[in-house]
Amino acid sequence: MNHKNEESDTLTEAKTPVSNFIRTIIDNDLQTGKHSKIVTRFPPEPNGYLHVGHTKSICLNFGLARDYQGVCHLRFDDTNPEAEDVEYVDSIMEDIRWLGWDWKDKLFYASDYYEKLYDYAEILINDGKAFVCELSAEEMNKNRGTLTQPGIDSPWRDRPAAENLDLFRRMRAGEFADGQMTLRAKIDMRSGNINMRDPVIYRIKRASHHRTGDKWCIYPMYDYTHPISDALEGITHSICTLEFEDHRPLYDWILDQLPVPCHPRQIEFARLNLSYTVMSKRLLLTLVKEGYVNGWDDPRMPTVAGMRRRGFTAAALRELADRIGVAKASSTVDFELLQYCVREDLNKHAKRVMAVLDPLKVIIENYPEDTTEMLEAINNPEDETAGTRMIPFSRELYIEREDFLTDPPKGWFRLAPGAEIRLKHAYYITCKEVVLDADGKIDKLICSYDPASGGGWTEDARKVKGTLHWIDASNCIPVEARIYDQLFTVSDPMSAEEGKTFLDYLNPDSLKVIKALAEPSLAEAKPGESFQFLRLGYFCADYDSKPSAPVFNRVVTLKDSWQKKGVVSQRLV
RNA sequence: UGGGCAGUAGCCAAGUGGUAAGGCAGCGGGUUUUGGUCCCGCCAUUCGGGGGUUCAAGUCCUCCCUGCCCAGCCA
């Protein structure tokens with residue numbers, strides 16, 4: 001994968017954190033002496049790529065560990081071999097590192113605990129707290145009851161412990177078929193909480209595991225595995241999302257029955273939702289598998305890999321996580337906030353360059369024909385250390401077609417017949433003549449320049465309000481610009497109207513490929529390198545770039561308070 | 001009409017009985033060789049609604065309303 005982490009800030013310097021209910025709990029636990037050090041964990045299942053929703057959880061868990069001088073473990077919750085794959089564990093580790101976090105030597109897998117988990121299960125059985133059930137999946141489902149009706153006890157519920165133990169051992173030994181029996185916790189079939197209705201804790205599943213291979217044919221369930229894994233690792237605060245709230249009684253029940261080293265506290269918070277996108281692994285998988293996007297790292301995807309490729313920076317993603325806060329109210333954050341975070345970071349770090357997406361030729365009639373002069377251009381006004389570079393200027397140039405209007409509206413201070421504008425870093429030019437082609441379309445502009453305005457400035461107090469970006473027609477390179485827009489046309493693709501699905505809201509214009517022209521320096525752009533194309537937006541070199549044929553992904557546009565006024569309606573993109 | 005959770009501005013969110021932080025968005029102005037950045041100002045007489053307790057309630061009590069999650073041998 002081609003990317004690099006252009007971090008200039010450091011994660012060790014935490015800003016003053018905004019208070020949230022989890023910090024309040026931790027502060028309290030530290031103050032009362034319940035804990036002297038905190039241990040958190042990020043527990044992904046390796047069954048898909050990480051998305052922005054996960055970055056909230058990652059930054060929360062690793063951020064708490066950083067701020068409280070604790071540690072955060074990375075633990076793969078790999079208890080369902082059918083869905084999991086090393087491709088995913090690799091991408092997850094890569095993404096977390098790219099985000100700037102370090103789990104040091106605290107890398108774990110739930111599958112590392114299979115043996116211990118098994119031993120604990122035998123304890124449960126011996127204590128009469130678990131039983132082997134021979135109900136089929138359908139029968140069990142039927143006996144479970146409904147949301148409003150209690151379930152009924154399994155006929156196998158009161159088997160003697162010895163028999164349960166024998167059966168469970170034989171389950172492990174592979175004597176039974178997949179699905180033929182399960183190990184269930186013996187809790188309460190009449191509980192209002194369906195998770196407590198004798199939940200399955202082990203199932204028989206002959207699937208090759210990405211780490212344990214074919215060693216096991218029984219696999220523990222999440223609700224059983226997770227609390228024990230947390231306890232074995234000495235996790236103090238086990239932070240998860242809201243949908244696990246009613247699993248907490250089960251989490252606590254499991255730990256209460258067993259001689260585990262400690263009893264971590266599960267705390268739930270609201271997951272991140274972002275407008276104009278979807279945040280479920282299942283839906284993202286659909287987009288990938290059915291070809292609506294070009295893979296997990298398609299720049300339109302809300303995956304960490306996709307956003308990285310698009311040019312969103314790790315610092316921006318972390319900033320987003322900091323800004324959205326942590327609470328228990330389900331919420332959907334405006335995509336605008338993410339864009340703000342990206343612009344904020346890129347504004348400080350991206351080198352300014354010039355490129356023209358939709359060229360309109362300009363001929364400077366009073367500029368010598370066989371001259372090319374090199375002009376000095378500042379690389380980043382926000383960062384003096386970024387230095388300057390030289391850019392070529394000669395008689396024939398290109399400007400952005402939308403920067404010229406024959407009959408401009410009031411308030412227009414770009415180019416128009418007779419108008420004078422500044423070419424960034426170059427000269428003032430005045431439009432003398434508009435040349436049309438056979439179809440009546442504007443073919444080129446004949447302009448004159450003021451030789452006294454070198455560098456884009458004159459000593460007189462002349463008012464030249466407009467400044468345009470441009471490129472030298474004979475000293476530029478062709479580049480491919482991939483112009484991205486929201487993948488969906490509605491802010492909440494999940495709440496589809498009758499008979500529609502989220503796929504019906506895919507934005508047909510989410511990607512436009514444009515042949516653009518850019519200043520020569522861009523020929524050397526490295527994949528992953530970000531630039532501000534002056535006045536157009538931030539662009540990031542894609543790994544599809546070839547040495548002489550760079551490809552740029554548009555990360556985000558610049559804010560445009562002029563366009564917002566609605567005066568210019570037809571923008572190229 | 002089972003269980004769990006949540007409602008503070010368009011979107012997030014702080015607030016832990018003492019008189020509604022902050023950010024994004026929006027609006028207005030200033031600076032500007034990017035209509036960018038930056039800077040300044042405005043933006044909740046009120047916290048889902050009604051009662052109640054209190055000198056004092058977003059915070060406590062009570063009733064109601066709305067939304068989200070749960071019936072995988074997924075996590």
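Bear in mind the structure is a predicted one, so any value in this text is a computation, not a measurement. The chains referred to below are lettered A, B, ... by the order of the sequence lines, with proteins before strands, and numbering in each begins at 1.
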Review item, side-chain donor-acceptor pairs of residues 167-174 of chain A, under 3.5 Å, at least two apart:
unit_1, atom_1, unit_2, atom_2, d
A:Arg169, NE, A:Glu122, OE2, 2.9
A:Arg169, NH2, A:Glu122, OE1, 3.0
A:Arg170, NE, A:Glu175, OE1, 2.6
A:Arg170, NH1, A:Asp166, OD2, 3.1
A:Arg170, NH2, A:Glu175, OE1, 3.3
A:Arg172, NH1, A:Glu115, OE2, 2.9
A:Arg172, NH2, A:Glu115, OE1, 3.1
A:Arg172, NH2, A:Glu115, OE2, 3.1

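Judged by distance alone, with hydrogens and angles left aside, A:Thr467 brings no side-chain donor or acceptor close enough to the base of B:U32 to form a pair under 3.5 Å. On a pure distance criterion of 3.5 Å, a polar donor-acceptor pair joins the side chain of A:Glu382 and the base of B:G36. You won't find any donor-acceptor pair under 3.5 Å spanning the side chain of A:Arg248 and the base of B:G4, going by distance alone. Between the base of B:U37 and the side chain of A:Arg343 there is no donor-acceptor pair shorter than 3.5 Å.
Note: CD (A:Glu402) to C1' (B:U34) measures 13 Å, nearest angstrom. Separating the CD atom of A:Glu400 from the P atom of B:U34 is a distance of 17 Å, rounded to the nearest angstrom. A straight line from CG of A:Asp560 to C1' of B:U37 spans 14 Å, rounded to a whole angstrom. Distance, A:Asn80 CG to B:A75 P: 5 Å, rounded to whole Å. The CD-P distance, from A:Glu134 to B:C73, rounds to 17 Å in whole Å. At whole-Å resolution of the value, CD in A:Glu245 and P in B:G4 are 11 Å apart. A:Leu338 places its CG atom 13 Å from the C1' atom of B:C11, with the value rounded to the nearest Å. Distance, A:Arg414 CZ to B:G35 P: 7 Å, rounded to whole Å.
Between A:His226 and A:Tyr222, the gap from one ring centroid to the other is short of 6.0 Å. The aromatic ring centres of A:Tyr88 and A:Tyr49 sit less than 6.0 Å apart.
When the C1' atom is used for both B:A14 and B:G23, the distance is 11 Å, rounded to whole Å. Annotation: B:U46 and B:A9 have their C1' atoms spaced 11 Å apart (nearest Å). Here the separation of B:G30 from B:U37, taken at their C1' atoms, is 14 Å to the nearest Å. Atom name P, nucleotides B:G50 and B:C12: the rounded distance is 23 Å, in whole Å. For the C1' atoms, the distance linking B:G17 with B:A57 amounts to 7 Å, nearest Å. Look at the P atom in both B:G2 and B:U8: the space between them is 25 Å, to the nearest Å. Spacing of C1' atoms, B:C68 relative to B:G48, comes out at 15 Å, to the nearest Å. With C1' as the reference atom, B:U1 and B:C64 are 16 Å apart, rounded to whole Å.
Under the Watson-Crick or G-U wobble criterion, with both distances below 3.5 Å, B:G72 has no partner in any strand shown. Remark: B:A21 base-pairs with no nucleotide in the shown strands. Criterion, Watson-Crick or G-U wobble with two distances under 3.5 Å. Base pairing of B:G67 is made with B:C5, judged by Watson-Crick or G-U wobble geometry with both donor-acceptor distances under 3.5 Å.
Of the side-chain N and O atoms in A:Ser275, none sit less than 4.0 angstrom from OP1 or OP2 of B:C11. Neither OP1 nor OP2 of B:G3 sits under 4.0 Å from any side-chain N or O of A:Ser191. OP1 or OP2 of B:C74 has not a single side-chain nitrogen or oxygen of A:Tyr222 nearer than 4.0 Å. The phosphate of B:A75 (OP1 or OP2) has a side-chain N or O of A:Arg203 nearer than 4.0 angstrom.
Of the candidate nucleotides B:G35, B:A75, B:A25, B:A25 has the atom lying nearest to any side-chain atom of A:Glu336. Closest to the side chain of A:Ser561, out of B:G35, B:A13, B:A25, is B:G35.
One finds no salt bridge joining A:Lys465 and A:Glu420 here, because no Lys/Arg side-chain nitrogen approaches an Asp/Glu carboxylate oxygen to under 4.0 Å.
In this structure B:G72 sits in the syn conformation; its chi angle is within 90° of 0.
By the stacking rule of 5.5 Å between ring centres and under 30° between planes, A:Trp562 stacks on the base of B:G35.
Both tests do not hold together for A:Lys205 against A:Tyr219: distance to the six-membered ring centre under 6.0 Å, angle to the ring axis within 45°.
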Take nucleotides 67-72 of chain B nucleotide by nucleotide from the 5' end and write B, S or -, depending on whether a protein heavy atom sits under 4.0 Å from the base, only from the sugar-phosphate, or from neither. --BBBS
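Partners of A:Ser495 by side-chain contact (heavy atoms from CB on, under 4.5 Å), not counting sequence neighbours, listed by chain and number: A:Asp492. Annotation: salt bridge (charged side-chain N to carboxylate O under 4.0 Å, His left out) contacts of A:Asp230 (sequence neighbours excluded): A:Arg41, A:Arg75. Partners of A:Ser111 under the side-chain contact (heavy atoms from CB on, under 4.5 Å) rule, at least two apart in sequence or in another chain, are A:Asp78, A:Tyr109, A:Tyr114, A:His209, A:Arg211, A:Thr212.
For residues 322-342 of chain A, no residue pair satisfies the ring pair (Phe, Tyr, Trp, His ring centres under 6.0 Å) rule, not counting sequence neighbours.
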